[in-house]
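To start, the structure itself, in structure tokens.
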Amino acid sequence: MSKQLILDRIRQALSTSSAEPEIPRDYRRGPAPVDLDRLVDRLVDYKAVVHRGSDISVIARQIIGAGSLVVPPGLPPEWLPSGVPARVDDRLSAADVAAADGVLTAAAVAIAETGTIVLDASPDQGRRILSLLPDLHICVLRPEQVVASVPEAVARLDPGRPLTWISGPSATSDIELNRVEGVHGPRNLHVVLWEAA
Amino acid sequence: MSTFLGMPAHAPRGVGHLRGDEPFPAAARTALANPQLRRNLEHATTTIRGKSGRVIAEVPDWQELRSAGSALKTYTMANLPRLLEQLEEKVTAAGGVVHWAADAEEANRIVTGLVRQTGEQRVIKIKSMATQEIGLNEALGEAGIDPVETDLAELIVQLGHDKPSHILVPAIHRNRSEIREIFLREMPGVDPALTDNPADLAAAARRYLRETFLSTKVAVSGANFGIAETGTLAVVESEGNGRMCLTLPETLITVMGIEKVVPAWQDLEVFLQLLPRASTGERMNPYTSMWTGVTPGDGPQNFHLVLLDNGRTAVLADEVGRSALHCIRCSACLNVCPVYERTGGHAYGSVYPGPIGAVLSPQLTGIEDNATLPYASSLCGACFDACPVKIDIPSILVHLRNQAPHPRAEKAAMAAAAYTMDRPRLYRRAQRAAKLTKLLGRRGRGLPPPLNGWVASRDLPSPPDESFRDWWRGR
């Protein structure tokens with residue numbers, strides 16, 4: 001093990017160092033008012049499809065059509081669209097998860113300024129592969145989960161949980177540095193902004 | 001080369017990809033003779049400069065974020081031993097295993113050994129500069145293990161038997177029709193009717209890698225950030241190949257340079273705003289994954305973190321040069337550099353090309369192994385302006401130029417010039433004699449060797465017919 005060697009090298013390298021700086025945190029840290037229209041604008045700009053409404057099950061059925069769903073174990077049962085085949089993830093194999101046409105989850109936090117939703121693997125979001133393997137992800141956001149900026153989102157999240165930050169569908173900039181949607185992750189991202197009835 | 005134990009050491013020779021086959025001027029000449037390469041680079045860098053400029057202009061506190069990012073990195077370097085030990089403690093407490101690798105050979109040995117323990121013959125890889133730097137794919141190959149690159153651009157490079165030429169987009173030197181040809185030639189099972197539409201090319205990679213993702217039990221990644229306070233690792237990506245590698249396999253091995261540690265969870269609020277906008281010109285990249293050790297029932301149940309030195313402590317030992325370690329690998333400096341835009345990344349020899357490579361590679365290897373790189377710049381300063389953590393690359397370039405070995409003839413000429421300028425009478429005579437340089441042809445092109453080496457990429461100014469002193473006296 002080279003731990004001691006590396007630490008000795010670092011201490012030697014720093015032996016002539018001067019004082020360490022104060023971190024200037026005079027950037028915007030919030031809290032700032034949340035602009036839901038801005039969130040929608042940013043989501044749409046990165047090719048997510050946005051729905052607004054109070055009846056999640058109806059909206060979800062319109063999106064999934066004749067396809068099948070996989071859902072996390074803690075999803076609110078009233079969100080499940082009737083007449084749509086839905087498997088609850090009770091340790092399904094990766095192949096079974098991948099076989100579903102779509103996945104329906106909640107989220108932990110969303111950031112209006114960047115059009116980002118963050119999943120933290122809570123029971124209503126499930127294991128990380130759920131929102132990864134199906135080609136369609138339907139994600140339901142409650143208005144109180146939306147924050148204005150990145151610092152506010154970081155402050156709300158628990159780093160002890162596995163986190164997935166999602167900004168639009170899977171994409172790449174690898175061909176001529178232009179953004180192209182649709183590589184390995186879900187090629188279709190639908191965000192449902194839940195509005196009280 | 002032997003050093004005292006505990007003294008900062010350079011990255012060893014004979015392993016990894018920090019040294020090119022030929023010096024920059026020779027390699028650049030080859031690249032400049034390729035007009036297709038120059039067109040591809042100009043198109044790509046112009047596109048990204050526009051995108052990045054637009055999303056940075058949306059952020060009213062961009063300069064404040066840059067200052068915070070810069071200070072955070074300075075703080076990190078000053079507290080590196082404590083932060084690394086804290087990271088190790090937190091990762092271990094969360095069920096991970098931490099390894100320390102003094103150089104590329106040790107890192108390759110550790111990773112190869114860990115893969116061997118699983119009994120697997122194939123690993124899936126997320127694009128990672130650290131594993132490219134240490135030549136991990138070659139080391140795995142020698143051990144009979146097949147490394148599969150899953151990032152689209154890395155896949156293009158791997159299938160094309162090519163070398164990466166950009167930090168963010170290793171296949172930036174290829175345009176869409178060249179990528180289509182590589183896929184048609186090298187991708188098993190590809191549809192022969194494949195078009196060069198980027199969406200079709202991306203879909204071809206999706207089909208090709210899907211089964212590999214689902215069936216491979218070991219993944220290797222790098223890391224963008226490692227949070228000392230919490231033991232959390234973060235990988236920033238676009239395609240979802242990273243999420244596949246980080247969640248589907250049973251074993252995950254992450255190789256992280258020691259400079260990537262970040263003090264506190266809260267500090268991510270700075271870097272997650274700086275990196276995507278400076279890098280791909282997006283408000284946020286499509287996917288960022290964060291994990292802390294092992295999560296029961298979700299993702300890999302075996303997690304190994306390999307902390308890599310490989311010359312970084314030697315960089316740290318140079319008080320002027322150490323800020324090269326602040327780099328968050330966004331590649332903004334490449335995209336604004338007039339030299340990079342014309343020569344491309346291969347000319348730099350190292351996996352770290354462009355302005356940041358010109359200051360990082362020579363410091364990691366020792367200046368003698370990359371002596372021409374500090375000159376691969378016009379010192380225009382665009383890289384400094386573009387850097388999201390405000391690394392003063394031009395100043396480090398000048399600092400390194402002073403350390404690089406200089407030809408004896410140049411040293412003698414500069415000493416003679418200094419002697420002459422100190423003595424007014426000598427200087428006057430020299431000025432008159434300078435008129436004779438007109439005999440050497442336009443811009444000094446007629447100079448005999450070895451002096452013609454000096455004017456190969458510089459113009460010798462033509463002296464005026466009358467010097468200022470002569471004009472003053474005769475006024």
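What you see is a predicted model; the values in this text were computed from it and never measured. Numbers restart at 1 for each chain; the letters A, B, ... are given by sequence-line order, proteins then strands.
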To the nearest 0.5 Å, what is the distance between [atom1] ([X]) and [atom2] ([Y])?
X        : Y        : atom1 : atom2 : answer
B/Ser238 : A/His184 : OG    : NE2   : 11.0 Å
B/Leu248 : A/Leu133 : CG    : CG    : 5.5 Å
A/Lys3   : B/Glu88  : NZ    : CD    : 3.5 Å

Heavy-atom proximity to chain A below 4.5 Å, by part of [X]:
X        : result
B/Leu214 : side chain
B/Arg277 : side chain
B/Ala199 : both
B/Leu316 : both
B/Glu58  : side chain
B/Leu152 : both
B/Leu168 : both
B/Ser70  : neither
B/Thr47  : side chain
B/Asn40  : neither

Check whether any side-chain heavy atom of [X] lies under 4.5 Å from a side-chain heavy atom of [Y], and answer yes or no.
X        : Y        : value
B/Trp291 : A/Arg128 : yes
A/Glu176 : B/His43  : yes
B/Val270 : A/Arg25  : yes
A/Trp165 : B/Asn285 : no
B/Arg283 : A/Ser167 : no
A/Glu22  : B/Tyr75  : no
B/Arg243 : A/Ile166 : yes
A/Val183 : B/Asn241 : no

Between A/Pro169 and chain B, which part of the residue has a heavy atom less than 4.5 Å away: side chain, backbone, both or neither?
-> backbone
Under 4.5 Å heavy-atom distance to chain B, tell me which part of A/Ala171 shows up: side chain, backbone, both or neither.
-> both
Can you find a side-chain donor-acceptor pair between [X] and [Y] that sits under 3.5 Å?
X        : Y        : result
A/Ser2   : B/Glu106 : yes
B/Thr295 : A/Arg127 : no
A/Ser170 : B/Glu239 : no
B/Gln273 : A/Tyr27  : no

Heaviest contributor of heavy-atom pairs below 4.5 Å to chain A, chosen from B/Ala71, B/Gly69, B/Gly240, B/Pro286, is B/Pro286
Heavy-atom pair with the smallest gap, counting every atom of [X] and [Y]:
X        : Y        : value
A/Ile6   : B/Leu307 : CD1-O, 4.3 Å
A/Leu7   : B/Pro81  : CD2-CA, 3.8 Å
B/Thr230 : A/Pro159 : CG2-CG, 3.7 Å
A/Arg187 : B/Ala203 : NH1-CB, 4.3 Å
A/Arg91  : B/Gly297 : NH1-O, 3.2 Å
B/Tyr287 : A/Gly168 : CE2-O, 4.4 Å

Quick one: does [X]'s side chain have a donor or acceptor within less than 3.5 Å of a partner on [Y]'s backbone?
X        : Y        : answer
B/Trp265 : A/Val154 : yes
A/Arg9   : B/Asp309 : no
B/Asp61  : A/Arg28  : yes
A/Asp8   : B/Gly6   : no

Inspect the surroundings of NZ in B/Lys90 and state if more than 12 heavy atoms from other residues, nucleotides or ligands are less than 6.0 Å away.
-> no
